[in-house]
Amino acid sequence: MFPNVSQKKNIYLDYAAATPVDPLVKKVMEPFLSDGFGNPSSLYKKGREARMAVEDARKKIADIIGARPGEIIFTAGGTESCNLAIFGVSKNLRTDKNYHPHIITSAIEHHAVLNPAKALKEEGYGLDILDVNRDGEVNINDIEKMIRPETSLVSIMYANNEIGTIEPIAEIGKLLKRINTERERSGLTRISFHTDACQAAGFLDIDVNRLSVDLMSVNGSKIYGPKQTGFLFVRNGINLKPIIYGGGQERDLRSGTENVAGIVGLAKALELSQAIIEPESNRIRRLVDFLISKLLKVPGVTLNGPSRNRLPNNINVTIKGVEGEALMLYLDSYGVEVSTGSACATGSSDASHVLLAIGRSQTAAKSSIRLSLGRDTSKAELDYVIKILIPVINQLRKTSNQL
Ligand SMILES: *Cc1c(COP(=O)(O)O)cnc(C)c1O
């Protein structure tokens, strides 16, 4: 029997897909959605005020990540930042058609990285995709072995959106720094290092110098900021070719009137998230550990991703004999919102490329769900989830056995 609940709740456990806009973020955005609507490029007062808001936000973000304001390029989200990094570096180097810059990335990247890299491959660029281990970690020695004279870009995500793996970005950064020093002497192209930090910005240190990254993508929508906001950090001296042409805003790298309210909201969201990293990570990690321990007590349930060194808010489990999509829909009918793999692949019934990359079978990958916790998640919510989840799993197993 499916569980009977007297009062249907609404429990959101998909913070890795989208976060609500923090009330303080909304508050700082509001003036720029009403009276402060000026175009930052206009020279009269309304324009100057908008410009000042954009530049304040840029400075705030730069300070948080250890960069200079001129190294922050505002974009319309994580996907655009990753596209600008990958196309920008590669296309800038292809000065003659016989030279094909080479890109190295990992098998578990978000499609915002994988698909631009694959598009470049179709245009004749070199591309190598690193395997990961069973926890989803890349191996630094593998990166070193893949490097060729034409290698111009390494793009490795900071934290994985599906299974929560945290990659050794600072160590990769150090390796590339050493290799670049040698390459400089022999006249080879410098290798730029990009990290997709969209899932990391809410929980991890994103200081670009401690990480030794040249490019870093962050978005607002995963850190309680508005959707379609984000930035790309571009270290001074790294040259990019734009992907959007027009009036020359954002140092010619991202033309188009700035999303002033969005930019102001993004800066506030990053400031708030980074300020509470420690207490919030600890609180969420305790909740996650509690839920994981309950889930792993159910026979046939296994954890995907590392048991340590993972994003504090991520749970991804394979539930043997249960279709992930069916489970997700049943949970939805009880008001519990979870995800099967990544929201970004919604609509496709393909098994998650991340779960396949860590060695799960097609069947296992399709029997998996992701629960990602956030600021509003409470112990009481998780108690309700457990009360629903376990009987639903048992019932779904019974039904599929009868088929
Ligand atoms: C969400 C996400 C993106 C895409 O960001 P958008 O703002 O939705 O374009 C890229 N990479 C990772 C790791 C993400 O989680």
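Values below: every heavy atom of this structure, side chains too, minus hydrogens, waters and symmetry copies. Counting starts at 1 for both ligands and their atoms, in listed order. It should be emphasised that the depicted structure is a prediction, and the values quoted were computed from it without experimental measurement.
- For ligand 1, the atoms lying closer than 4.0 Å to a non-hydrogen atom of G78 are 5 (O), 6 (P), 7 (O), 9 (O).
- When each of R375, K268, K27 is checked for a side chain to side chain donor-acceptor pair (under 3.5 Å) with D22, only R375 meets the rule.
- Of the heavy atoms in K222, only side-chain atoms (C-beta onward) come closer than 4.0 Å to ligand 1.
- Distances between N or O atoms of G77 and those of ligand 1 include no value under 3.5 Å.
- Set against the non-hydrogen atoms of T79, the atoms of ligand 1 under 4.0 Å away are 4 (C), 5 (O), 6 (P), 9 (O).
- At a threshold of 4.5 Å between non-hydrogen side-chain atoms, the residues D214 and H194 do not count as touching.
- Scanning for salt bridge (charged side-chain N to carboxylate O under 4.0 Å, His left out) contacts around D128 gives R148, with sequence neighbours left out.
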Exercise. Might you work through the salt bridge (Lys or Arg N to Asp or Glu O under 4.0 Å) test for R310 and D135, ending with a clear yes or no?
Key: CA-CA 9 Å; R310 66 189 290 143; D135 285 339; over 6 Å; no
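- Those atoms of ligand 1 with a heavy atom of N219 less than 4.0 angstrom away are 1 (C), 5 (O), 6 (P), 7 (O).
- Contact atoms of ligand 1 toward N161: 13 (C), 15 (O) (distance under 4.0 Å to a heavy atom of the residue).
- Smallest separation of non-hydrogen atoms from S152 and V89: O-CG1, 3.9 Å.
- Note: an N/O pair closer than 3.5 Å links Q199 and ligand 1 by distance alone.
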Identify each donor-acceptor pair in which a side-chain atom of residues 385-392 lies under 3.5 Å from a protein atom, sequence neighbours left out, and give them as a table.
none

